[in-house]
Structure formats: C-alpha cells, structure tokens
Amino acid sequence: MISSLKITEKACNFTLKSLWIDGMNQSNLMMTVRVFAWSRDATAWQDCTLTTDWLKVIGGVLYDHSYNYGTVHQVSIDARFFTQPLEIVLHEADSKGYVPIELRFHLVDVLSENMPCSVMVRSELGQLEVFGKRVKNLASKQVKSSCSLKPELPVVPDYRSIMSGEDAVLIG
C-alpha cells in the first residue's frame, strides 16, 4: 500500500516485529523483537532480546495505562536480556485523551558506543488498550509477526520526504 500523508504530530507509529523465537518447548522462551518508532521529528529502530513473559509484561503495562492514564508508567528492556536498553515511558493523558509515549533507545554507534535517542509518539487511549493486547499476543505468534500502535499507518515512512519537508509517501 502506498499513500500520501502529511507528517504531523498525529502521524507517528510504534511497531514491534518478532525476528526470532527460541524453538524449545517451554513456557518462557527467549525472543528477539525489532522495535520501530517514528514521528515528525525522529525515526529509530532497535533489536531487543527478551523473554516471552517479559513481552507480556510490557503489553500489560501498555494495556493498564489506557485505564490508569493519570500517572506516568515506565517499562524497560535492559541488559539482563543481553541487549541494548530500551525504555518505554507512558506519560499522563492530556485533556483530549491523547497519551504521549516516549521511546528511549540506546543505539550502538561505532564512534561513541552508545547513543541515546528519544522518539515521541501519541496514542488515543483506545488505541493504547488494543495495542497492549496485541503486544501480549505477539509472544505466542510466529516469527515475522508484528503489531503496530496504528496499524493503518506503515511501519516506516519514506525518509526522503521527511527530510525534504514535503508530504511523505508511506510504504506499508
């Protein structure tokens, strides 16, 4: 699908894609997910290794925040999973019911080893609830399965359009 979309504050996305799942027959498997996030101001992705149980915890935090949106919640994927840290910060909802979600990536840079990068996306409370359920379910899906905060938008926009300030051509 190719469409044209003006990159605005509302045009943003947060996606998780399963890249690898341990083939062992056990309940708590190791897995690698690719986390994509893009907004008008930034785009980043990072591969993270974690357990299926921890992915369910992340989905639960996202889901719970859609009902307890008056406080800040934070969940992390950290070094205990032998991966670069990734923090997801769910801020308080505004008066219109939009939740700012901050994804704090720690990207590996050849020159400086670890480069922090933050991408802010926005979500409606209902979108966040559904996304939390999808993230929980991703733990039991096949490799190459994915879930997005805004499935009607593509995972990654066309960077040339963003850099030029024109309407972006989104490839999904």
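We're numbering straight along the sequence, starting at 1.
With hydrogens and angles ignored, the 3.5 Å screen pairs no side-chain donor or acceptor of S148 with any backbone N or O of K150. Side-chain atoms of N28 come within 3.5 Å of backbone N or O of D53 as a donor-acceptor pair.
Residue F105 places its CZ atom among more than 12 non-hydrogen atoms of other residues, nucleotides or ligands, all under 6.0 Å distant.
Residues A139 and M31 approach most closely at CA-SD, 4.4 Å, considering heavy atoms. Between L153 and A11, the closest heavy-atom pair is CD1-CA, 4.4 Å. Between A44 and C117, the closest heavy-atom pair is CB-SG, 3.9 Å. Across all non-hydrogen atoms, the minimal contact from I21 to V143 is N-CG2, 3.8 Å. Of all heavy-atom pairs spanning N68 and H73, the tightest one is O-CE1, 3.1 Å. Residues H106 and P85 come closest through the heavy atom pair CD2-O, 3.2 Å.
Using modelled atom types and a 3.5 Å distance limit, the side chains of E102 and S118 yield a donor-acceptor pair. Side-chain polar atoms of E87 and Q74 form a donor-acceptor pair below 3.5 angstrom.
Clustering ILVMFWY residues whenever any of their side-chain heavy atoms sit less than 4.5 angstrom apart, transitively, puts V57 in a cluster other than the one holding V130.
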key: CA sep, side-chain torsions, deciding dist, call: F131, I101, side-chain contact (heavy atoms from CB on, under 4.5 Å)   = CA-CA 12 Å; F131 184 54; I101 304 170; 6.0 Å; no
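A distance of 9.0 Å separates NZ in K56 from CG in N137, rounded to the nearest 0.5 Å. Distance check, rounded to the nearest 0.5 Å: CD1 of I77 to CH2 of W54 gives 9.0 Å.
Residue R122 is tested with V99, D94, L149 for a side chain to side chain contact (heavy atoms under 4.5 Å, CB included); the sole match is D94. Between L50 and the options T32, I58, L29, a side chain to side chain contact (heavy atoms under 4.5 Å, CB included) holds for only I58.
Residues passing the side-chain contact (heavy atoms from CB on, under 4.5 Å) test with S146, sequence neighbours excluded: T15, K17. Shown here are the ring pair (Phe, Tyr, Trp, His ring centres under 6.0 Å) partners of Y63, two or more places apart in sequence or in another chain: Y67.
The other residues sharing a hydrophobic cluster with V72 are V89, where clustering joins ILVMFWY side chains under 4.5 Å apart.
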